[in-house]
Amino acid sequence: MELMKPWSGIIAAYRDRLPLSDDAPSITLLEGNTPLIPSVALHETLPGNLDIFFKYEGLNPTGSFKDRGMVVAFARALARKAGICLCASTGNTAASAAAYAARSGLRCIVLLPEGSIARGKLAQAAMHGARIVSIAGPFDNAMRMAQELVLERPEIELVNSVNPFRIEGQKTAAFEVSDVLGDAPDFHFLPVGNAGNITAYWKGYREYAQAGKISRLPRMVGFEAAGAAPIVEGRIISNPQTVASAIRIGNPASWKGAVCAASESGGWIGSVTDEAILDAYQFLARREGIFVEPASAAGVAGLRQEVARGRIPPGSRVVITLTGHGLKDPDISTQVAAPQPISIAPVLAELQRAVEE
Ligand SMILES: *Cc1c(COP(=O)(O)O)cnc(C)c1O
């Protein structure tokens, strides 16, 4: 049997399309190359015979798409000999930055909005040895303070998605989708928080089209949570509220990028209620066998909504990014699907009764 060529991470795979100097070290946790899973249940339950794929980013090394951007941001930080990295985070950016900092020997400081970080993400940042600073108020306060600090301390590398190298790394997901499908899909759906990811996908698709690797561009369709929908409402939301903590953001850093991606591609930015998000979250787990965190279900909730509104032509090919793994947020999942094991004695008759009930 021929040996499979091993995957060596997104920098090795796409270096010629990344703005890294030759002396930038190639660090990696083998991020990227995530599966593009064909939908079974969503395909069957929606009308119009849609051809639906899930880009399951929960299978990156730290469990979210953030690793794609982080590895490039760290390669850049190492090339310019930064010793400290800093980020504001709703959780996944912190988990990812902490892991890549551990890997590359940098100090890592993460600023988190007080009391609203999913437990799995906090555990990751702590295990990887980040210094964790909790800041009162919503994420946007933490983001503003991170930006203020790096103005005073330019030796610190800010690894939020305002760092252009993050966007560069994240655009590789669009390359992977295109490489697997052989062309761009008709629509690309995804959640929108700080709006870095929709900006990055759109950049990736455009670059691939320019290089002649794909023959068309997808419509980009992004979804905010209804209680945290600044782009949809056209105003900063000072107290954003949603169960989907990864997109609980009232003043997105890449606001303009998201608006451009939507308008240039003929797509749009919409919003979905928490109820619809949690419904899609459970549907993915129970019917597709894919466990994501709540925010990651926003694209699926969005597709259901837009199909119901008649905005998706029959037969369309749709890719939906599932941004993060379900194990990140055990509190929400145990609330939504309260596990109630049946307790029995180790006696076969009791087990037989239990399996019948
Ligand atoms: C960061 C994140 C988002 C939002 O992505 P943006 O680039 O901020 O729009 C959505 N889902 C998950 C799981 C995330 O970690």
Side-chain angles (χ1 to χ4, degrees), residues 34 54-70 73 87-97 99 110 112-113 116-118 120-122 124-125 139-140 142-143 159-164 166-171 173-174 188-204 220-225 228-232 240 242-259 261-262 269 271-272 277 280-281 284 290-302 320-329 332:
T34 55
F54 302 114
K55 181 65 171 160
Y56 188 26
E57 291 286 277
L59 292 191
N60 275 296
T62 77
S64 85
F65 72 83
K66 300 298 197 297
D67 295 338
R68 293 179 184 277
M70 209 54 80
C87 66
S89 176
T90 61
N92 281 332
T93 299
S96 184
V110 303
L112 305 179
S116 55
I117 301 301
K121 304 175 189 181
L122 195 57
Q124 289 178 288
F139 166 81
D140 307 275
M143 185 72 242
V159 294
N160 276 104
S161 60
V162 290
N163 178 329
R166 281 275 313 275
I167 303 291
E168 291 292 328
Q170 285 170 210
K171 77 185 179 189
H188 194 118
F189 277 59
L190 74 170
V192 170
N194 248 323
N197 214 26
I198 189 168
T199 304
Y201 269 98
W202 181 234
K203 186 167 200 288
M220 301 300 305
V221 188
F223 287 89
E224 300 183 309
I231 300 175
V232 170
T242 168
V243 66
S245 59
I247 55 173
R248 191 184 293 145
I249 286 168
N251 187 13
S254 299
W255 191 317
K256 276 196 197 130
V259 170
I269 310 287
S271 66
V272 283
I277 288 173
Y281 170 65
L284 280 167
I290 305 174
F291 190 22
V292 301
E293 65 171 286
S296 305
V300 172
I320 310 176
T321 300
L322 305 178
T323 46
H325 203 287
L327 292 171
K328 295 253 184 195
D329 201 337
I332 303 280

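Below, all heavy atoms of this structure are taken into account, side chains as well, without hydrogens, waters or symmetry copies. Atoms within each ligand, like the ligands themselves, are counted from 1 in listed order.
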Taking a 3.5 Å cut-off between nitrogen or oxygen atoms, can you list every pair linking ligand 1 to the protein, with distances?
residue  : atom   : partner : partner atom : Å
ligand 1 : 7 (O)  : Gly196  : N            : 3.2
ligand 1 : 7 (O)  : Asn197  : N            : 2.8
ligand 1 : 8 (O)  : Asn194  : N            : 2.8
ligand 1 : 9 (O)  : Gly193  : N            : 2.8
ligand 1 : 9 (O)  : Asn194  : N            : 3.4
ligand 1 : 9 (O)  : Ala195  : N            : 2.8
ligand 1 : 11 (N) : Thr323  : OG1          : 2.7
ligand 1 : 15 (O) : Lys66   : NZ           : 2.6
ligand 1 : 15 (O) : Asn92   : ND2          : 2.7

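Shown here are the ring-ring contact (aromatic ring centres under 6.0 Å, His included) partners of Tyr281, two or more places apart in sequence or in another chain: there are none.
Atom NZ in Lys203 sits 9.0 Å away from atom CD1 in Ile167 (nearest 0.5 Å). Here the CD1-OG distance, from Ile117 to Ser89, works out to 6.0 Å after rounding to the nearest 0.5 Å.
A pairwise comparison of heavy atoms in Ser296 and Gly324 identifies OG-N, 2.7 Å as the closest pair.
Checking Ile247, Val192, Thr242 one by one against Glu224, the side-chain contact (heavy atoms from CB on, under 4.5 Å) holds for a single residue, Val192.
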task: Decide salt bridge (Lys or Arg N to Asp or Glu O under 4.0 Å) for Glu57 and Lys66; before the verdict, give the C-alpha distance in whole Å, the side-chain angles of both, and the deciding distance to 0.1 Å.
output: CA-CA 9 Å; Glu57 291 286 277; Lys66 300 298 197 297; over 6 Å; no
